[in-house]
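We're numbering straight along the sequence, starting at 1. Values in this document were obtained by computation on a predicted structure and should not be read as measured data. As the structure lists them, so they are numbered: ligands from 1, and atoms in each ligand from 1.
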Amino acid sequence: TQNNLTPKVMKESHPSFGFYLTKVKGLAPEYNQHSALDLKDIFSLTKAKLKASAQFNYMTDIPWLMKQYPAEYRSCPLLIVHGEQRGSKSALEKAASVFPNITLCNAKLEIMYGTHHTKMMLLLYDSGLRIVIHTANLIENDWFQKTQGIWISPLFPSLLGEQSAHRGNSATNFKGDLLEYLSFYNRPDIDEWCKHIKGHDLSNSSVFLIGSIPGRHLAERKTSFGHLKLRKVLNLHGPEKSLVTSSWPLIGQFSSIGSLGTDQNQWLCGEWLASLGTVKGCSLTSKTPLQLVFPTVNNVRESLEGYPAGTSLPYSINVAKKQPYLRNFLYQWKSDRLSRSHASPHIKTYLRVSPDNSSVAWFLLTSANLSKAAWGVLEKNGSQFMIRSYELGVLFMPQYLVSRKVFGVPEVKERKANMETISFPVPYDIPLIPYSNKDEIWIWDIPHIKAPDRHGNKWCPP
Ligand SMILES: O=C(O)CCC(=O)Nc1ccc(C(=O)O)c(C(=O)O)c1
């Protein structure tokens, strides 16, 4: 039912809405064929000629990355934006020095413990610009045996006439928000890419951008990033409060957990959940049920990698023992529908689901783990908002993709016969499976020796 109020972007939505997982080696073809990509696939989505690219990431194996580009593009200018410092920075510079087409750009990290976590590709072709926002490091180990998330933009055409930040935008303000996010790096090489973005028509982008920039943000800048940006977007464009009541659980799924404070009602169920539980027109939510998906020790042990999957699940004992309350919210990693229960999750997703598990109000794919560093924390009596890390994610809102109030949940028979819902490809099984009373949360820096993993090994960290 296309009405003239529908944002014009909805006709562009793809059954997967541009949301893909990475391929997993060894799965039956149907689990990799349709909505799974590897890096080489991403570079081959269009016949257009690549002119230049930029790779924003946390960890980059440069020789490996170069081999993923088609041979004819390995001499195109490549900007690598990273957050390495000291020793690892000189190692990266040494690796890059072999490739004359590579320029390194060091994102400033002025607040302790911050990381450049954002994972994004800017791909400039002779006939357009494509943006990819994802969760995988640019290392081989992240791309064939884990569950990772990827958002692929349409190939945005060049703007006719002069470049502009204000033309070629969309109802979701994706272009404006991306330019604002990139401007905070304050780096000339990134400003060059902002010119390319200004010169393209991004009016078909139907997702919202949710980014994090390190800093102590004040006044109106407090709502430009982190969970306060998500709160603002949900308040302005989110689901109706009459439909999505506070009984709709919030599911958070991530691959790491930071120090969340000794009292759950301070940040986790206070500030952070208030943002993610926001619906249109009001941000004060009574208690939204919270469900957190993080692998158990057994989920890790039974994974394709075995215990070594845990090196990408950096939850440390010193942090865990300060927050035993997390236990009340924990659910296992399970993805039988996509045959990825054993592909350890490095993806990070957040969504709002109906109490009967049939509908999804919105879906966020992001680099942000469950940490104050990533999402931000209010300080000085709420007058400033402190974020430590660079993060980037995209928010899928049904109204902007399929002009519906909600997405369906895959494989769930519609409960409302009349409403033919369009399901969102949620990467894990809903309903969620709670931890059993014997399950323990994965912690990477303590031994796990009760049972061997599929490679016959136990876990004895140094
Ligand atoms: O920083 C914190 O809150 C705790 C430590 C941590 O989470 N570190 C970390 C670093 C790199 C990556 C990455 O792979 O980009 C990831 C990830 O994505 O899980 C996590």
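F19 is linked by a ring-ring contact (aromatic ring centres under 6.0 Å, His included) to F363, F424, counting only residues two or more places apart in sequence or in another chain.
The list of side chain to side chain donor-acceptor pair (under 3.5 Å) pairs with a residue in residues 251-260, not counting sequence neighbours, reads Q253-T349, S255-K348, S255-N369, S259-K322.
Among protein residues, Y58, H117, K119, N137, S255, S256, P314, H346, K348, N369, S371 come within 4.0 Å of ligand 1, judged on heavy atoms.
In this pair, F156 and F174 present their aromatic rings tilted. The plane angle is within the 30 to 60° band.
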Between side-chain atoms of residues 454-462 and protein atoms elsewhere (two or more places apart, or another chain), which donor-acceptor pairs fall under 3.5 Å?
{"residue": "R454", "atom": "NE", "partner": "S303", "partner atom": "O", "Å": "2.9"}
{"residue": "R454", "atom": "NH2", "partner": "E302", "partner atom": "O", "Å": "2.8"}
{"residue": "H455", "atom": "NE2", "partner": "L304", "partner atom": "O", "Å": "2.9"}
{"residue": "K458", "atom": "NZ", "partner": "I449", "partner atom": "O", "Å": "3.3"}
{"residue": "W459", "atom": "NE1", "partner": "W444", "partner atom": "O", "Å": "3.0"}

query = Are E110 and R388 close enough, and set up right, to give a salt bridge (Lys or Arg N to Asp or Glu O under 4.0 Å), and what steps lead you there?
reply = CA-CA 8 Å; E110 288 156 350; R388 295 182 191 272; over 6 Å; no
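Counted by atom type alone, S436 and D439 present one or more donor-acceptor pairs between their side chains at under 3.5 Å.
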